[in-house]
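Notes follow the structure.
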Amino acid sequence: MDKRIQLLDAIRAIAVKTPMNDVEVPESVVGFGTIEYKAQTCSACKKCILACEPAALDMEDTLNMHDYLRVTVPQEGFRSKNREVLVTLLQNLKQDHDYGDVQAISVPEGLPGYGSIVWSAEQCIACDKCIEACPEDCLTLQKTYKLPEIIGPIEAPPPRTEGKDWEPFIVCFVCWECSHAAADLAGLMHLHYPASIRTIRLPCSGALEPIHIMTAMANGADGVLVTGCLLSECHYGGDSPKAGNFMQEGFVKFWSDIFEEIGIGGRLNIDFASAAMGIKFAEIVETFTEQIRKLGPTPIQAKTEVQE
Amino acid sequence: MKKLILCTCNKTLTKWLDFARIEKEVGSTFESIHIHDALCLEEGLTFLDAEVSKDDTVVIGACTSQIIGVPLAERLKSELVSYVPLREHVAWVHKDDQKGATNKALVLLNDAAIHVDFLEPQTAVDIEMEKKVLIVGGGIAGLKVASDLLQLGIEVTLLEPPEFNSKDYLEKNQFMADSSTLKGVVKDLKTTSKGVKKVCGTISKLSGRAGLYSVSLKRDNGKEEEILVGAIIIATNSEHSPPSIAKMCHYGKTNQTLLLSELSTLIAKQTAKESKTIFVTQDPSYHDSSVAGSYLLREVTYAAEKGNTVIVAHSDIHTKDENLYRAARKSGVIFIRGSLEKVSKKKKGLVCRLENTLESQVREFTVDYLVLQTQLKPWSGTRPLADTLGLNLDREGFIKTRYAKMKPVQTSKRGIFIAGNAKTPMNLNDALASASNASLEVFKNLIADGERKGWIPVVDEELCDLCDACVEACPNDALRHEGDLIKHIPMNCEFCGICVSACPTRAIEFQSHSKDSWLTRIESIATKHKKLEGQKPFSLVYACSECANASIDQAGFAGKGYPTGSYVIQFPCAGMVSPIEILKGLVVGAEKIIVAHCPPGGCHHQTGDHLSELVVKFTQDMLKSIGQDPSRVKATYMIAALPNKMQEEVAHRG
């Protein structure tokens with residue numbers, strides 16, 4: 001699970017503002033999400049905790065009375081008969097239906113069968129294992145990422161002053177099938193595009209890991225551009241939704257939203273060009289360079305400075 | 001057929017209960033109603049022989065089941081019977097309110113009519129037992145158990161600890177009695193226990209169940225062995241250990257300071273001429289037991305009789321035998337009340353400074369020997385042994401008995417017993433008595449033919465979440481998580497129902513006492529009460545069937561009346577009550593719910609008293625959080641010796 005911690009550290013390192021909003025996770029993106037918990041149906045069996053590999057779940061000796069009272073019985077199916085009866089009885093006793101000030105109560109030590117699950121957003125890898133393990137259906141996966149909770153407060157770095165001769169510096173990840181060939185073709189065709197990009201060849205755009213994007217940013221790149229084959233034409237998956245470029249498109253959308261939240265919005269982009277599209281490749285680079293030029297130099301204090 | 005049989009207790013109950021009205025008003029609930037005048041007498045029993053057939057369900061409205069239940073258990077052909085103690089719970093406690101009492105009788109009879117509908121025949125349990133016994137610890141109690149069981153024809157293996165030596169019988173047990181008595185007893189026991197298989201080693205693992213335990217033994221010669229036994233008796237010894245003042249007294253630094261257990265060896269070596277001054281002191285922080293006190297007196301008498309000057313600095317000497325003290329005085333022992341303050345080593349001897357608390361004077365004694373009273377602690381291997389066997393220990397580290405009053409030789413685990421010093425330091429007679437008690441108890445268990453019957457918990461695999469709550473809650477290791485199943489071990493089960501209250505999903509149900517049965521009964525009591533008594537408040541007492549129920553019966557015998565509108569529902573154990581039953585009671589309108597359990601630490605099933613307190617506390621917290629009055633729910637203990645407990649608990653309502 002070190003990988004997740006590394007990634008989160010890398011995001012924290014490039015963040016220049018405290019994120020305020022949860023980020024929506026695109027449908028194709030796996031590994032990120034929120035586990036929602038229904039306390040009222042939970043039998044405290046700890047199955048989910050045992051199933052959770054990154055130890056993102058734990059048991060707390062409390063009973064969430066608020067959830068108990070709010071729920072509608074029997075619409076929200078209870079498998080556990082005892083819990084359903086308990087909830088119904090409590091609701092019956094609380095006749096005023098004013099649940100505003102109902103507090104959670106603690107479970108006395110030595111009383112088995114009661115407890116609440118606490119979920120740690122930071123550790124969770126949204127793998128579904130807990131949901132599969134839960135016999136009472138109290139867990140569901142929501143496609144949102146609790147970024148503010150995970151990243152925490154960020155101290156804004158001092159503004160950077162750049163010389164007049166600043167030119168955008170963009171790391172461009174190209175897949176070694178179409179988009180690399182497109183870049184070659186652009187050269188063969190003697191097309192001009194800004195000298196802002198440094199290409200890094202990858203087997204497939206889908207092979208790009210987020211840590212690489214973060215590393216590029218952390219090391220002073222003003223922007224990161226990802227290019228791949230045309231959608232539906234990925235050499236590793238074709239038109240399957242699992243194809244590398246489809247997948248990376250979702251991820252880049254996700255990371256762009258996160259960049260927006262951490263104060264470096266607009267500095268990440270993905271686009272696609274086939275081997276025959278030298279012109280398109282040049283245009284992609286030109287447009288993105290223009291975008292970065294407008295945004296100005298990266299606000300991130302680069303870890304490495306080029307030695308004179 | 002559902003039958004109601006009422007008893008007027010020789011026409012005495014008619015004074016307080018309107019039987020004609022009862023007959024009229026419960027008529028529709030039962031298919032037949034009979035009123036008899038003396039159900040407990042032979043004429044009544046003969047009547048029942050003829051009246052009740054095997055397929056009937058029966059409600060008996062008479063005296064407490066503790067009384068009428070005994071002859072009826074043998075004579076009633078039907079097992080499906082519910083008792084309503086009209087005499088102790090109604091007539092005798094509501095003497096000044098015939099209408100109210102009759103109303104209460106109607107409510108209870110109506111409840112019993114519902115109760116019998118839920119009854120199932122009891123389940124017969126597999127009682128296969130290995131008729132062999134393992135005794136751990138070969139001391140005096142161990143030998144006594146071995147020789148008793150041998151005489152009763154039971155095969156016995158005696159496991160002696162690795163460091164055991166046959167001389168230990170006398171040396172390590174001298175605190176138990178004077179040496180000549182001890183010698184005689186040891187000699188006798190060695191003769192009568194001849195033929196016992198002796199093994200030296202330790203227990204490395206225990207598996208199986210009560211009556212069929214598989215014990216892995218690690219023998220001294222390195223061999224591992226597995227034996228099958230029906231019961232295990234722990235008869236380990238007590239050990240002497242230096243008191244807390246040992247360091248101050250230079251114990252271990254000089255051979256002039258010694259422990260009480262070493263004194264007799266020293267005196268035995270003495271020649272007649274060397275008279276010494278011996279200062280014996282107690283540890284003021286150690287609570288003296290009668291065993292330790294008697295031992296101290298015997299030893300100092302022996303030393304004084306040999307011509308030594310013996311001074312005893314004491315704070316509190318306990319003994320059951322006053323003659324020991326007289327003998328000590330007669331032999332010339334000097335007793336000084338006070339505690340040792342300082343000991344310094346000088347050339348002429350040890351100088352002991354002592355504050356005499358009677359005279360408020362500081363005195364100094366120069367002595368040849370300083371003798372420290374020892375503390376009697378459990379055998380050093382007790383804790384690992386208890387861990388391997390899964391036994392509970394008490395505060396001092398001795399093995400805990402299941403229930404001090406009624407089950408003094410049983411441990412927290414069924415099929416494992418204790419004898420002698422394993423439980424607490426004992427003198428010789430007590431140890432021998434405890435050993436005999438243990439061997440008889442084991443014998444009774446092992447030869448129990450006939451069947452063991454009871455209502456058992458039944459696990460529904462479909463609904464089970466395998467959360468282990470029942471396994472954790474079960475005080476008797478009767479539920480085990482094996483593979484993907486919760487397995488019930490009937491021979492370990494005490495039929496208490498604690499597991500049911502722990503289950504969060506209702507995957508475990510108790511025969512005859514399903515969750516639904518409780519909920520239906522609570523509701524019907526409320527409905528019937530409201531029908532008969534209107535707005536009059538009522539309270540429910542969830543009483544355990546042991547102490548609490550006996551206490552409520554006693555309230556009847558002692559005439560400790562209380563208002564009507566108080567209904568007792570009997571649970572097998574108070575630990576079976578979950579928040580659900582309590583909340584249900586409140587929802588149906590009970591003014592107060594009282595969960596009555598055995599006295600603290602006195603639960604017949606070990607944990608029910610504590611668990612019910614937890615459940616009530618938890619329920620009170622829930623009530624508080626939803627803005628309800630938590631004082632409507634209460635847990636309390638009731639015991640037969642306190643018949644007014646019920647009166648105190650429900651009498652608040654004028």
Side-chain angles (χ1 to χ4, degrees), chain A residues 39-51 59 61-70 78-117 133-138, chain B residues 460 462-474 481 498-509 514-516 518-519 522 575 578-589 607 610-630 632-633:
Chain A
Q40 66 275 10
T41 61
C42 173
S43 67
C45 71
K46 299 191 181 132
K47 285 252 154 39
C48 51
I49 299 177
L50 290 175
M59 185 65 104
D61 286 338
T62 56
L63 201 64
N64 193 332
M65 293 290 285
H66 195 265
D67 280 12
Y68 272 45
L69 294 166
R70 235 184 16 178
F78 281 89
R79 200 177 84 102
S80 159
K81 225 31 210 297
N82 279 356
R83 217 26 65 89
E84 182 177 340
V85 172
L86 185 65
V87 168
T88 317
L89 289 171
L90 284 169
Q91 290 181 342
N92 229 312
L93 283 169
K94 178 83 182 161
Q95 277 154 349
D96 57 4
H97 303 291
D98 174 16
Y99 308 139
D101 56 347
V102 177
Q103 301 291 316
I105 59 163
S106 62
V107 179
E109 204 188 320
L111 189 66
Y114 302 93
S116 303
I117 294 296
C134 178
E136 303 288 344
D137 290 335
C138 27
Chain B
D460 183 333
E462 282 292 301
L463 292 175
C464 180
D465 285 354
L466 291 168
C467 70
D468 286 354
C470 54
V471 178
E472 254 174 73
C474 178
H481 186 161
I498 285 176
C499 48
V500 176
S501 95
C503 179
T505 67
R506 205 180 296 181
I508 188 161
E509 284 269 39
S514 65
K515 212 65 157 180
D516 271 338
W518 296 123
L519 299 179
I522 293 164
S578 76
I580 292 178
E581 287 86 15
I582 300 175
L583 294 173
K584 179 73 181 178
L586 294 178
V587 166
V588 298
T607 56
H610 177 63
L611 266 179
S612 55
E613 289 281 347
L614 288 184
V615 163
V616 166
K617 156 119 202 350
F618 186 48
T619 314
Q620 285 173 333
D621 287 349
M622 284 196 226
L623 291 173
K624 241 182 271 169
S625 95
I626 59 169
Q628 290 273 345
D629 179 9
R632 287 171 70 192
V633 180

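Chain A is the first sequence line, chain B the second, and so forth, proteins listed ahead of strands; every chain is numbered from 1.
Heavy-atom contacts from other residues, nucleotides or ligands closer than 6.0 Å to NZ of A:K94 number more than 12. Atom CG of B:D516 sits in a crowded spot, with more than 12 heavy atoms from other residues, nucleotides or ligands closer than 6.0 Å.
Minimum interatomic distance between B:C467 and A:A44 (heavy atoms only, all atoms of both residues): CB-O, 4.2 Å. Closest non-hydrogen pair, B:D621 versus A:S106, comes out as OD2-O, 4.1 Å. Minimum interatomic distance between A:L93 and B:Q628 (heavy atoms only, all atoms of both residues): O-NE2, 2.6 Å. The minimum heavy-atom distance between A:R79 and B:C464, with the atom names listed, is NH2-O, 4.1 Å.
To the nearest 0.5 Å, the span separating SG on A:C45 from CG on B:D468 amounts to 9.5 Å. With values rounded to the nearest 0.5 angstrom, A:L111 atom CG is found 10.5 Å from B:S612 atom OG. Distance check, rounded to the nearest 0.5 Å: CG of A:L63 to OG of B:S625 gives 8.5 Å.
In this structure, the side chains of A:Y114 and B:P579 come closer than 4.5 Å at one or more pairs of heavy atoms. Side-chain contact between B:I626 and A:Q91 is absent, with no heavy atoms from C-beta onward closer than 4.5 Å. With a 4.5 Å cut-off on side-chain heavy atoms, B:K515 and A:K81 do not count as touching. Under the 4.5 Å side-chain criterion, counting only non-hydrogen atoms from C-beta, A:V85 is not in contact with B:K584. Side-chain atoms of A:N82 and B:P504, non-hydrogen and from C-beta on, never get closer than 4.5 Å to each other.
Proximity to chain B (any heavy atom under 4.5 Å) is restricted, for A:K47, to the side chain, taken from C-beta onward. Only the side chain of A:I105 comes within less than 4.5 Å of a heavy atom of chain B; its backbone N, CA, C and O stay farther away. In this structure, chain A has no heavy atom under 4.5 Å from any part of B:Q620.
Options B:L623, B:L463, B:L611 differ in how many heavy-atom pairs under 4.5 Å they form with chain A, and the most are formed by B:L463.
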